[in-house]
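A short worksheet on the structure shown next.
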There are 2 protein chains.
Amino acid sequence: MAGVSTATVSRAISNPSVVSEATREAVFDAIRRTGYHINMVARNLRRGRTGAIVVLVPNLGNPFFSLILAGIEQAAAPAGFSVLIVDTKQPHTDQDQLFTYLHTTRADELISLDGALPPDLLARQGEANALPPLVFACEWADESPFVKVVIDNEAGAAMAIRHLHELGHRRIGHVQGPRGNVLTEKRLAGTQKALEELGLPVRPEWFFAGDFSLHSGAEAARQWMALEERPTGVFCASDQMACGFISEIVSAGMSAPRDVSVVGFDDIDIARHFIPALTTIHQPRVAIGQAAARLLIERINDDSGGKAFMDQTLPVELIVRQSTGPAR
Amino acid sequence: MAGVSTATVSRAISNPSVVSEATREAVFDAIRRTGYHINMVARNLRRGRTGAIVVLVPNLGNPFFSLILAGIEQAAAPAGFSVLIVDTKQPHTDQDQLFTYLHTTRADELISLDGALPPDLLARQGEANALPPLVFACEWADESPFVKVVIDNEAGAAMAIRHLHELGHRRIGHVQGPRGNVLTEKRLAGTQKALEELGLPVRPEWFFAGDFSLHSGAEAARQWMALEERPTGVFCASDQMACGFISEIVSAGMSAPRDVSVVGFDDIDIARHFIPALTTIHQPRVAIGQAAARLLIERINDDSGGKAFMDQTLPVELIVRQSTGPAR
DNA sequence: ACGGGTTCTGTAATCGATTACATAGCAGGT
DNA sequence: ACCTGCTATGTAATCGATTACAGAACCCGT
């Protein structure tokens, strides 16, 4: 329709400066008139890319991840990348399935929000048919060679403990995340270190098992209530557990911060609207997603290939609300 | 390596029954040894499909959508479809961008969780360069010809009102969602109809403006508190607003259900752990996502093309918890 | 008028899997 | 021995965009 070859059309679209003014006009005019849209599949085949970033989410049903996904999408879409999501914890997602997804023919890049990927899957990174480049965000697999965008979990835990200490609490407990999770370990380590530095007791019965869920927070509260000598301050490794904890003591006729000061971690949406509003450690979830996506995109566009892309640690912040108060 | 042509390899992979036992073995053995993985881009180009479903989410940051996405992913992944997400409310997503995404070269199918897509975009459905088939889920554009998977919002609202009525409430208010939203309208209509059927007053000052957010629920609570004659029961069109409403009256020294019974809508995660636990209308979010994805997949695989795919309305359920009680 | 240089455009190969068509091989029947 | 029919496989075209290469058109200076 524009009276030119397909080669020229292609040039007009993907590299407009090499075609003449008049031709470019004619081509774009014809494109408008026909409603032509470029076939991404064909382009990607020829270019040897997929134009997609796969995000591995450990549990899509967990609203914690939604803002991180939003951040990834915000950074990826303007760069022309599609964002593809895979739930790594679905029953259908066995390891072979997963590997198929992770292969380079499906995605140019991976972002994993799941730190517990099957190890032998990660081990294949060096092979001939390698996985696409991978970035961890939020969670990560310790001692793996992959770049990560994370927050300083130890520092966050320490902030929570110091906050309780400043309010006069001397008996401080901790509700942990699921065993084996990196975040659990780091937050636990930060808690213990801060307690020791402040000269506070570290008593095993004040460390409650949990799994980040509301339910496990409530369970921890029951254990807490059964203690002879209760901590007056409790740092929960997630806001959900903090909410569960408070819910449970309230139904038992107690309240926070009157009977116990509670600090959460994450600063999820409800934290500020819970009753009492939750004192917590804020992590910048949108920024984490954006940073991870930008890092990947820069790495793709970096032809030199030699540039070293480094881990990023984003700052956390203590948000003091109503769930903590002076020790009695 | 298997001593056969590429055609035979292709057949062994995508239609194993047509190749001989021995050849099939040889091919799969070679595949294992080389670590070969099929190039999805090339396959999709040849097959004229993309293998992807695009999900249009009005606001990825809203955790309400996470379970719906999980449901979509659960149904799509086993069928070999990738799930691609696009946030329709991002500033970068202008209309042209959006149209590029929606075009058939990027996705075989669309699921829109956004009922407020630009109308002229939907109008293009009939054109030569049509949009891929679209299914609405949760929200939808009224009077559009697209199939939808939704819940019965009017019935849900009526359940909430009847519940309050049964508890003895005779002055009932409603906190609305954003104007123009289908869900807002349906829930409002259900509310008004139920009130009329029960012979209860429908007073304009008992209908509060809102936008589904926590914040707007708190704002409605302030208006409620300023009334001379307050409703004793309030039905909020979202759980978030119900939480905001209760938060606000609690900080003013009142409480639910002592001073007002509050019913929410959605049954989001925190609803059961809020203090007081929220009485609400439960909607099956995972099932909605699954149903939408399954419908699309069936429609793709249905060669006949003639089969009529119908709207699905999934049931809602009243969950009675602690935020409602007998009228005093 | 002619060589050198620039700019623009067309030709044709290419990415990797699929598939219509052709053909080879073999069994069974007459 | 020959034909029919079936199965298994190879050959080569195809999907649509990109791009190396070649060639056309034009400008400029001598």
Side-chain angles (χ1 to χ4, degrees), chain A residues 1-32 34-52 80-82 100-108 128-130 132 300-301 303, chain B residues 1-32 34-52 80-82 100-108 128-130 132 300-301 303:
Chain A
M1 178 178 292
V4 297
S5 73
T6 61
T8 304
V9 174
S10 174
R11 279 187 282 256
I13 292 168
S14 41
N15 195 3
S17 64
V18 304
V19 303
S20 73
E21 179 74 22
T23 315
R24 207 183 318 144
E25 296 283 301
V27 170
F28 285 131
D29 187 52
I31 287 176
R32 257 190 306 279
T34 56
Y36 167 88
H37 273 267
I38 202 160
N39 184 319
M40 294 305 286
V41 179
R43 165 182 282 186
N44 288 334
L45 172 61
R46 177 60 225 229
R47 288 193 174 166
R49 334 174 321 158
T50 67
F81 284 91
S82 305
T100 306
Y101 262 110
L102 304 198
H103 200 262
T104 42
T105 67
R106 179 106 50 169
D108 298 326
N129 300 296
I300 288 184
N301 296 338
D303 347 333
Chain B
M1 178 177 293
V4 298
S5 72
T6 61
T8 304
V9 173
S10 175
R11 278 188 281 255
I13 293 170
S14 41
N15 196 4
S17 64
V18 303
V19 302
S20 74
E21 179 74 23
T23 315
R24 208 183 316 144
E25 296 284 300
V27 170
F28 284 132
D29 188 52
I31 286 176
R32 257 191 306 279
T34 56
Y36 167 87
H37 272 266
I38 202 161
N39 184 318
M40 294 305 285
V41 179
R43 165 182 282 185
N44 289 334
L45 172 60
R46 178 58 225 232
R47 288 194 173 164
R49 336 174 319 159
T50 67
F81 284 92
S82 305
T100 306
Y101 263 110
L102 303 198
H103 200 261
T104 43
T105 67
R106 180 111 44 173
D108 299 326
N129 301 295
I300 288 185
N301 295 338
D303 348 334

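All of these numbers come straight from a predicted model, not from anything done at the bench.
- Checking dA17(D), dC8(C), dA17(C) against the side-chain heavy atoms of Ile38(B) singles out dA17(C) as nearest.
- Using a 4.0 Å heavy-atom criterion, one finds that Ser5(A) contacts the bases of the nucleic acid, with or without backbone contacts as well.
- One interatomic measurement links the two molecules: CG of Asn44(A) to C1' of dA17(C), which rounds to 16 Å at whole-angstrom precision.
- When rounded to the nearest whole Å, the span between NE2 of His37(B) and P of dA17(C) equals 12 Å.
- We find that CZ of Arg43(B) is positioned 16 Å from C1' of dT14(D), with the value rounded to whole Å.
- As a whole-Å value, the separation of Leu45(B) CG from dT18(D) P is 12 Å.
- On a pure distance criterion of 3.5 Å, a polar donor-acceptor pair joins the side chain of Arg46(A) and the base of dT14(C).
- Near DNA chain C, meaning a heavy atom under 4.0 Å from it, residues 7-19 of chain B has Ala7(B), Ser10(B), Arg11(B), Ser14(B) in order of number.
- Following rounding to the nearest Å, Arg47(A) (CZ) and dT18(D) (P) show an atom-to-atom distance of 5 Å.
- Looking only at distances, a side-chain donor or acceptor of Asn39(A) sits under 3.5 Å from a matching main-chain atom of Ala42(A).
- A donor-acceptor pair under 3.5 Å links the side-chain atoms of Asp108(B) to the main chain of Thr50(B), judged by distance alone.
- Residues Ala107(B) and Pro132(B) come closest through the heavy atom pair O-CG, 3.4 Å.
- Distance, Glu21(B) CD to dA8(D) P: 10 Å, rounded to whole Å.
- Nucleic acid contact class of Val41(A) (heavy atoms, under 4.0 Å, all strands): none.
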Pair up each side-chain donor or acceptor in residues 7-14 of chain A with any protein partner under 3.5 Å, not counting sequence neighbours, and list the distances.
unit_1	atom_1	unit_2	atom_2	d
Thr8(A)	OG1	Ser5(A)	OG	3.4
Ser14(A)	OG	Ser10(A)	O	2.8

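- Along DNA chain C, the nucleotide closest to Ala22(A) and the one closest to Thr6(A) are compared, and the more 5′ of them pairs with Ala22(A).
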